[in-house]
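Here, residue 1 is the first one in the sequence, and each next residue gets the next number. Bear in mind that the values here come from a model prediction, so they are computed numbers and not experimental data.
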Amino acid sequence: MAEESDLEKTESASPRRLEKAREEGDVPRSRDLATCTILLGAGLAFWAMGGNLIKEIQRMLAGSLTLSREEVFDLPLLLSRNVTRIVDVIFAFSPIAALLVVVALASPLLIGGWLFSTKALEPRFSKLNPMNGLSNMVSVRALIELIKAIGKTLLVGLIAWLAMSSQLDGIMSLGAQSLETGVAHAGHIILMTFLLTVGALVIIAAIDAPYQMWHYANKLKMTKEEIRQEHKESEGNPEIKAKIRQQQREIARRRMMTKVPLADVVVTNPMRYAVALQYKAGTEAPVVVAKGTGLIAGRIREIASENDVPLLEAPPLARALYKHTELDEKIPAALYRAVAEVLAYVHQLQRYRVLGGKVPAKPTTLDVPAYLDPMNPVNQLVPEGVGA
């Protein structure tokens with residue numbers, strides 16, 4: 001049962017799935033919404049600019065049907081004037097055409113947004129498979145589209161019939177009106193009928209747009225297995241990531257070990273902890289160049305012994321340095337005094353090795369604040385990092 005639930009598409013599409021679909025040119029689209037906005041824009045444009053447009057057409061027709069003697073016998077002149085009149089009509093229509101272009105470009109922003117994808121233009125021979133075409137014809141989506149088409153036809157036809165019926169008296173009176181008045185009245189009737197019919201398309205678009213969004217989201221749903229697989233691909237295989245982290249730790253460890261011979265002293269626990277310190281003249285405080293526990297601590301001690309780096313057994317100090325200092329960081333200010341005693345001992349030991357004399361005594365009572373020692377019970381009562 002668990003395997004069956006993993007194969008059911010119950011999960012919403014991930015951002016990566018949505019982005020991939022968009023790259024392939026697959027976004028939600030509502031043709032009814034686009035058609036509605038363009039027709040509505042055209043109707044409003046004719047409503048606002050139709051008067052000037054009709055006057056321009058009348059002027060062109062009057063000019064075209066009135067010929068002078070020169071135009072009758074001079075064909076180039078006649079063609080030139082006709083071209084001029086045609087250009088005038090084009091300019092008269094240009095505001096409406098520009099508005100329709102803007103509406104056509106802006107309509108995709110209502111659902112799906114603009115999309116430029118070359119993948120949508122790539123040939124797909126699977127679309128030429130007649131079996132796929134037959135399956136699409138008898139699919140649930142095809143049935144829904146058929147129902148939508150019938151519904152749209154009935155709704156638009158009903159609205160158009162009601163609009164024309166309401167204007168029936170005006171239509172019957174057109175024959176009794178003068179030419180100019182009748183033409184204006186007829187244009188008003190046609191425009192009102194057109195706008196009311198487009199109003200029916202608004203209702204259809206208001207239903208179709210949410211449906212297309214739902215259908216698109218439902219189509220891109222993913223199974224739980226696909227979610228897990230995508231997570232692996234995006235985040236990386238956990239086993240590979242673990243190996244990479246292991247290799248990174250190994251590289252960092254080898255790099256750290258190369259700094260042990262440069263240390264001035266290695267403070268030990270003696271067996272569990274080992275912290276290598278280096279102090280450069282003119283700097284504010286010593287720096288931890290290597291640290292570790294267990295086998296790593298043992299390796300640090302071995303390298304220090306092979307390179308004559310002094311080893312000092314100071315368990316509280318070693319624990320405090322390991323706990324509160326990261327690699328290549330300065331020691332905490334609270335440990336300055338204790339580390340200063342250690343470095344003074346190291347300096348005396350170096351002089352003894354060169355000049356001889358009395359063997360310097362190892363410091364045994366170093367001033368390590370109790371709250372910095374993780375093994376001290378007092379540390380449980382003080383917030384971690386105080387004094388670090």
Side-chain angles (χ1 to χ4, degrees), residues 249-388:
R249 287 193 296 267
E250 185 63 30
I251 292 172
R253 188 179 300 119
R254 286 198 296 266
R255 187 184 303 115
M256 179 183 70
M257 292 302 180
T258 61
K259 297 181 180 180
V260 174
L262 306 177
D264 294 308
V265 64
V266 174
V267 183
T268 65
N269 192 32
M271 299 304 296
R272 178 166 173 75
Y273 292 93
V275 181
L277 300 175
Q278 183 184 39
Y279 177 72
K280 294 181 179 180
T283 57
E284 180 182 353
V287 174
V288 173
V289 295
K291 69 174 186 176
T293 62
L295 296 176
I296 298 177
R299 183 57 182 159
I300 291 175
R301 291 193 298 269
E302 290 177 8
I303 296 175
S305 300
E306 293 170 358
N307 292 272
D308 294 328
V309 176
L311 297 172
L312 177 64
E313 183 179 330
L317 180 58
R319 293 192 296 263
L321 288 171
Y322 183 86
K323 176 69 174 178
H324 300 286
T325 310
E326 298 298 329
L327 291 175
D328 299 322
E329 283 188 1
K330 296 183 295 185
I331 65 172
L335 297 177
Y336 281 4
R337 183 172 180 179
V339 174
E341 294 183 35
V342 172
L343 294 178
Y345 161 74
V346 171
H347 179 67
Q348 294 172 3
L349 185 61
Q350 290 174 345
R351 291 191 59 185
Y352 164 75
R353 290 176 177 177
V354 175
L355 302 177
K358 186 178 179 181
V359 178
K362 294 183 179 180
T364 55
T365 56
L366 296 174
D367 185 14
V368 178
Y371 62 82
L372 291 182
D373 185 357
M375 297 298 292
N376 195 306
V378 179
N379 188 50
Q380 305 298 324
L381 305 176
V382 182
E384 184 178 332
V386 176

Of all the heavy-atom pairs spanning [X] and [Y], show the shortest one and how long it is.
X      : Y      : result
Leu312 : Tyr345 : CD1-CE2, 4.3 Å
Val275 : Val288 : CG1-CG1, 3.8 Å
Val260 : Ile300 : CG1-O, 3.8 Å
Val346 : Asp264 : CG1-O, 3.5 Å
Tyr273 : Ala318 : CB-CB, 4.1 Å
Leu372 : His324 : O-NE2, 3.0 Å

Which value, rounded to the nearest 0.5 Å, describes the distance between [X] atom [atom1] and [Y] atom [atom2]?
X      : Y      : atom1 : atom2 : value
Arg253 : Glu250 : CZ    : CD    : 5.0 Å
Glu284 : Tyr336 : CD    : OH    : 4.0 Å
Arg249 : Ile251 : CZ    : CD1   : 11.5 Å
Arg272 : Arg319 : CZ    : CZ    : 10.5 Å
Asn269 : Leu317 : CG    : CG    : 10.5 Å

Let's go through Arg299 and Leu295 carefully: what are the C-alpha distance in whole Å and the side-chain angles of both, what is the deciding distance for side-chain contact (heavy atoms from CB on, under 4.5 Å) to 0.1 Å, and is it a yes or a no?
CA-CA 6 Å; Arg299 183 57 182 159; Leu295 296 176; over 6 Å; no
Check: Tyr322 main-chain N/O paired with Lys291 side-chain donor or acceptor under 3.5 Å:
yes
Tell me whether Gln278 contacts the main-chain N or O of Leu262 through its side chain, where contact means a donor paired with an acceptor under 3.5 Å.
yes
Would a 4.5 Å heavy-atom cut-off, applied to side chains only, mark Leu311 and Ser305 as touching?
yes
Would a 4.5 Å heavy-atom cut-off, applied to side chains only, mark Leu349 and Lys362 as touching?
no
Could you go through Val342 and Leu277, starting from their C-alpha distance and side-chain angles, then the distance that decides it, and tell me whether this counts as side-chain contact (heavy atoms from CB on, under 4.5 Å)?
CA-CA 10 Å; Val342 172; Leu277 300 175; 5.5 Å; no
Charged N to carboxylate O below 4.0 Å: is that the case for Asp328 and Lys259?
yes
